[in-house]
Amino acid sequence: MNYNFTEIEKKWQGIWEKENTFSATNDYTKPKYYALVEFPYPSGQGLHVGHPRSYTALDIVARKKRLEGYNVLYPMGWDAFGLPTENFAMKNHIHPEIVTANNVARFKEQLKSLGLSFDWNREINTTDPSYYKWTQWIFIQLFKKGLAYKSEMPVNWCTSCKCVLANEEVVNGVCERCGSEVVRKVKSQWMLKITEYAQRLIDDLDLPDINYIDRVKTSQKNWIGRSTGAEVVFDTTKGDTLTVYTTRPDTLFGATYMVISPEHPLIKEWADTIENIKDIEEYQVQASKKSDFERTELAKEKTGVEIKGVRGINPVTEKEIPIFVSDYVLMGYGTGAIMAVPAHDTRDYDFAKAFNIPMVEVVAGGNIEEEAFTDCATGVMVNSGFLTGLTVEEAKAKMISWLEENKKGHAKVNFKLRDWVFSRQRYWGEPIPIVKCEKCGYVAIPESELPLRLPDIEDFEPTDDGQSPLARMEQFVNTTCPCCGGKAQRETDTMPQWAGSSWYFLRYCDAHNENELASKEALNYWLPVDWYNGGMEHTTLHLLYSRFWHKFLYDIGVVSCPEPYAKRTSHGMILGENGEKMSKSRGNVVNPDDIVREYGADTMRLYEMFIGDFEKSAPWSTSSIKGCKRFLDRVWNLQDILVDGEDYRPEVETSMHKTIKKVSEDIETLKFNTAIASMMALLNDITNTGAINKAEMKALLIMLNPFAPHITEEMYEILGFEGKVSEQQWVTYDENKCIDKSIEMAVQVNGKIKTKLQVAVDISKEDVIALAKADSKVANAIEGKTIVKEIVVHKKLVNIVVK
RNA sequence: GCCGGUGUGAUGGAAUUGGCAGACGUGACGGACUCAAAAUCCGUUGGUAGCGAUACCGUGCCGGUUCGAGUCCGGCCACCGGCACCA
């Protein structure tokens, strides 16, 4: 009988769908397991071969957990709001809703063809009003707690999308999506106060039950960018003060000038006193014209203007020092002003060199003629009054207490993380459920009016002045104030794509609840997510945003665990056959449909897991797929050599136990590639005996089932085993039976292999040394020499050291 | 510049965390089956020297620790990803 994978796969996918085989039950007394993969953006291109890498991996985990008796939730949905859909809709004059529906249908069909065990009863779609009702609800809660606010601020403006972008969406100074130039523009924007959670977002990564892979943890921490230092208050010759932030209070004696950002408000206050105000204003204009890109590109060349007429006073040296305006100081970080210590900061060094400002060495150990000396670990304080002679760390502490005693400053923690720009001037997103009333200001719409539906419109083109297309819809815009009943106007901006994905894993717990985002019982039972896998590209933004929302929901009592994900892993990319990133323009795209058609879903799944280390990127190889197909063919052909037998035969018993152990452990540690390799090795062992018995066959089918679910179910049925594989117990192993009775030990003389010995596993140290010495090659090598040492490594080797 | 990652046969990758480097797969070569090809099955396959048993070399480079290093330590080099004037 032939292995007709097309027919077999269709058959079992039909059975699973009809019988709801993979629905999670609401029996909250059972032990639960929540496996989660990032839900895709249903793009027009259809599924990429990269998607199934993550989905198959956790499908294997989910299927194994089911076999182990867990109530498993493995859901799937669609992160469907977003620009590509809107742009496609605009170009082709099709409503984004229809575009989305078509793309979702295609994706769903593709996912089903892979035999992924998703619980389709809990499918969600972020563009569904019954879903975004709750996205809007969360926004209102944030607003009520003062964590959503509107602010005039310079934003990144994409000249082509005519849209505000988050800092994160600007890549190398251009728009992440369309590649057009991004400029700065001042606009009134909705902001979310993620900075309020900065410290907790760092601290809770180290909670005892939180198990993120290290590189994900590190990148979260780096992104939040915590630094400790001090705020120092400088008096000015004008009689007011200028406060700076520094991480190096120890170097205060070396501060020979100050710099403020071009946007600093003090410039306006000082305008009358500043003698060269024209030059300063000219510089401000120049700086504001620069895009972020230019500001960074020209980083090497420091520019600036000295403020004439106002000087700062160094609080410890009491000397007057000049104040400059320069765009190397950013208004958005710290106080927008710095004390400059050219001898010990690279940027200040460059600036001081360019402007001929004197520098004072206050930490000895470097050569400041050559470059700034920034090392904190080895230096000793010099020229620093009461700090002289201390180490840098001691000096930091002492200076901070001096500042606090003299009311000249205090210790301070800062973060790189900024508040989250939450408005987009686009159509295809969740409407922000806020109205602006002339009397009452910004008011949230009553929760009873949720969802605030996205109105149907025909023209999705944004306006040139940067308003969302919704702004043209007068029926939508004009409304009454829920507070005073007077005239009011709706917010016309929509939420960014990150909104819907910031809480979707909660909705899966109770996907059809009309009264709450999910019931308390469901959330208590399913959370936290036990294992969340996704791409490395989401380890900063999506992960941070969703952790922020989750913590907020925790604070207001909606969820009862402080962190959403107990374990987070990331898979590597699948590259094109030439080792480059897969893309249409490179012409190296592999279509998963073709692979399924030609080799079958089981082979495709197996290959994607066998391709290499799960966490690393790996190039696609069409010829390697054949190896996985051959493996399944050979498994299929085992039917021809099946014999009776209730127990494993002695000749394969150890091999069976070892493989079960290896596969069980490897699935938990993301080593799917070696799990498959060990099953291949087991198959080789079995076929070498010329037969397989029923006990061995059953175990093999169960073990292979999570990887290749269709073929294993089919064979299980054909061979007349009872029930289905998916209803069996996961295979177990006996540690004692994993050990070979007879093993091969290497014999070394002075660390060089001389021979190999076949010995009993429990051989004594003395016996094995005697055996080794009896070997002619070993005897030759040690003849006439003195034995210095004899080393026996249990079950591994013998090393005889001679002189 | 900073942070993270990687470097092993022709090739994708293994190596129980300091103990026989190259598991498993691909490719290649030889053989069986076949009129033939495909498929399948069996064997060989890190390099150099030798008919050979065997010897020497071998995990990016240089050095160190150790009876023993792909693995640990110090110093480099190359590539990939992210961040980038964050004081």
Side-chain angles (χ1 to χ4, degrees), chain A residues 171-172 214-216 218-219 221-223 225-227 229 244-248 251 259 261 292 295-302 326-330 332-341 344-348 350-351 374 414-418 536-537 539-540 572-573 575 579 581 606-607 610-613 615-628 630-631 633-634 637 661-662 665 671 673-684 687 744-757 777 788-802:
Chain A
V171 176
N172 289 331
D214 281 339
R215 59 194 174 127
V216 172
T218 315
S219 57
K221 286 183 184 173
N222 287 349
W223 192 263
R226 183 182 196 267
S227 75
V244 301
Y245 172 71
T246 178
T247 54
R248 295 293 302 274
T251 61
V259 188
S261 141
D292 265 358
R295 256 172 107 142
T296 23
E297 268 305 279
L298 302 171
K300 310 128 213 166
E301 297 273 314
K302 297 271 185 294
S326 172
D327 63 5
Y328 86 86
V329 172
L330 309 171
Y333 184 78
T335 61
I338 62 157
M339 63 179 218
V341 186
H344 305 290
D345 181 281
T346 327
R347 296 147 304 180
D348 299 346
D350 294 345
F351 189 86
T374 57
N414 256 320
F415 298 94
K416 284 188 199 175
L417 187 69
R418 319 276 175 91
M536 211 45 204
E537 69 275 20
T539 51
T540 42
M573 254 191 301
L575 306 171
K581 203 172 161 180
L606 215 52
Y607 174 64
F610 190 61
I611 194 166
D613 185 333
E615 302 192 64
K616 289 181 200 140
S617 53
W620 186 267
S621 159
T622 306
S623 60
S624 287
I625 299 174
K626 287 181 192 149
C628 293
R630 274 181 203 154
F631 170 65
D633 283 336
R634 291 178 61 206
N637 291 335
K661 179 177 184 199
K662 179 92 181 126
E665 289 172 355
K671 292 170 144 187
N673 52 337
T674 50
I676 294 167
S678 70
M679 286 189 282
M680 288 173 166
L682 174 66
L683 177 67
N684 291 341
T687 48
E744 196 181 60
M745 284 179 77
V747 181
Q748 302 179 331
V749 174
N750 284 348
K752 291 209 184 256
I753 303 280
K754 290 296 167 193
T755 188
K756 290 171 185 183
L757 296 175
K777 281 175 215 142
V788 184
K789 214 172 183 181
E790 290 166 339
I791 295 150
V792 177
V793 183
H794 184 53
K795 291 201 274 185
K796 303 278 182 203
L797 54 71
V798 179
N799 189 10
I800 299 170
V801 186
V802 294

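Chain letters run A, B, ... following the sequence lines, proteins first, then strands; residues in each count from 1.
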Looking at [options], which one has an atom nearest to any side-chain atom of [X]?
X: A:Leu797; options: B:rC20, B:rC83, B:rU26; value: B:rC20
X: A:Ala681; options: B:rC24, B:rC3, B:rA15; value: B:rC24
X: A:Asp327; options: B:rC24, B:rA14, B:rC85; value: B:rC85
X: A:Tyr245; options: B:rA87, B:rC24, B:rU16; value: B:rA87
X: A:Lys616; options: B:rA87, B:rC20, B:rU6; value: B:rU6
X: A:Pro619; options: B:rG13, B:rG19, B:rC24; value: B:rG13
X: A:Phe610; options: B:rG25, B:rA23, B:rG19; value: B:rG25

Suppose we define a pair by two distances each less than 3.5 Å, Watson-Crick or G-U wobble; what does [N] pair with here?
N: B:rG22; value: none
N: B:rG1; value: B:rC83
N: B:rA14; value: none
N: B:rG27; value: B:rU45
N: B:rU65; value: none

Taking all non-hydrogen atoms of both residues into account, name the closest pair between [X] and [Y] and its distance.
X: A:Val801; Y: A:Asn750; answer: CA-OD1, 3.3 Å
X: A:Ser227; Y: A:Tyr245; answer: OG-OH, 2.8 Å
X: A:Ile338; Y: A:Val329; answer: CG1-CG2, 3.7 Å

Quick check on [N]: is either OP1 or OP2 less than 4.0 Å from any side-chain nitrogen or oxygen of [X]?
X: A:Tyr328; N: B:rA87; value: no
X: A:Lys752; N: B:rG58; value: no
X: A:Arg630; N: B:rG25; value: no
X: A:Lys302; N: B:rA87; value: no
X: A:Ser624; N: B:rG27; value: no
X: A:Asn673; N: B:rA14; value: yes
X: A:Arg634; N: B:rA39; value: no
X: A:Asn799; N: B:rC20; value: no

By the 4.0 Å heavy-atom rule, please label A:Glu537 as base, sugar-phosphate, or nothing.
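The residue A:Glu537 makes no contact with any strand.
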Describe the nucleic acid contact of A:Ser621 in one word from base, sugar-phosphate, nothing, applying a heavy-atom distance below 4.0 Å.
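Nothing, no heavy atom under 4.0 Å.
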How far, in whole Å, is [M] from [N] if one measures between their [atom1] atoms?
N: B:rC29; M: B:rU11; atom1: C1'; answer: 16 Å
N: B:rA32; M: B:rG25; atom1: C1'; answer: 23 Å
N: B:rG30; M: B:rG82; atom1: C1'; answer: 50 Å
N: B:rA14; M: B:rC83; atom1: C1'; answer: 34 Å
N: B:rA39; M: B:rC20; atom1: C1'; answer: 37 Å
N: B:rG9; M: B:rG46; atom1: C1'; answer: 5 Å
N: B:rG27; M: B:rU34; atom1: P; answer: 24 Å

Nearest-Å distance, CG (A:Asp345) to P (B:rA84)?
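Computing the A:Asp345:CG to B:rA84:P distance gives 18 Å.
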Return the value, rounded to whole Å, for the distance between atom CZ of A:Arg215 and atom P of B:rG5.
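From A:Arg215 CZ to B:rG5 P: 9 Å.
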Taking O4'-C1'-N9-C4 for purines and O4'-C1'-N1-C2 for pyrimidines, is B:rU40 syn (within 90° of 0) or anti?
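Nucleotide B:rU40 adopts anti.
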Where the chi angle of B:rG46 falls, syn if within 90° of 0 and anti if not
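Anti conformation here, the glycosidic angle of B:rG46 being more than 90° from 0.
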Distance check, rounded to the nearest 0.5 Å: A:Asn414 atom CG versus A:Tyr333 atom OH?
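Atom-to-atom, A:Asn414:CG and A:Tyr333:OH are 4.5 Å apart.
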Using only atom types and a distance under 3.5 Å, with no angle test, would you say the side chain of A:Tyr607 pairs donor to acceptor with the backbone of A:Thr622?
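No, the answer is negative, given that no donor and acceptor are paired below the 3.5 Å cut-off.
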Examine the base of B:rU66 for any acceptor or donor lying under 3.5 Å from a partner atom in the side chain of A:Lys789, and report the outcome as yes or no.
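No.
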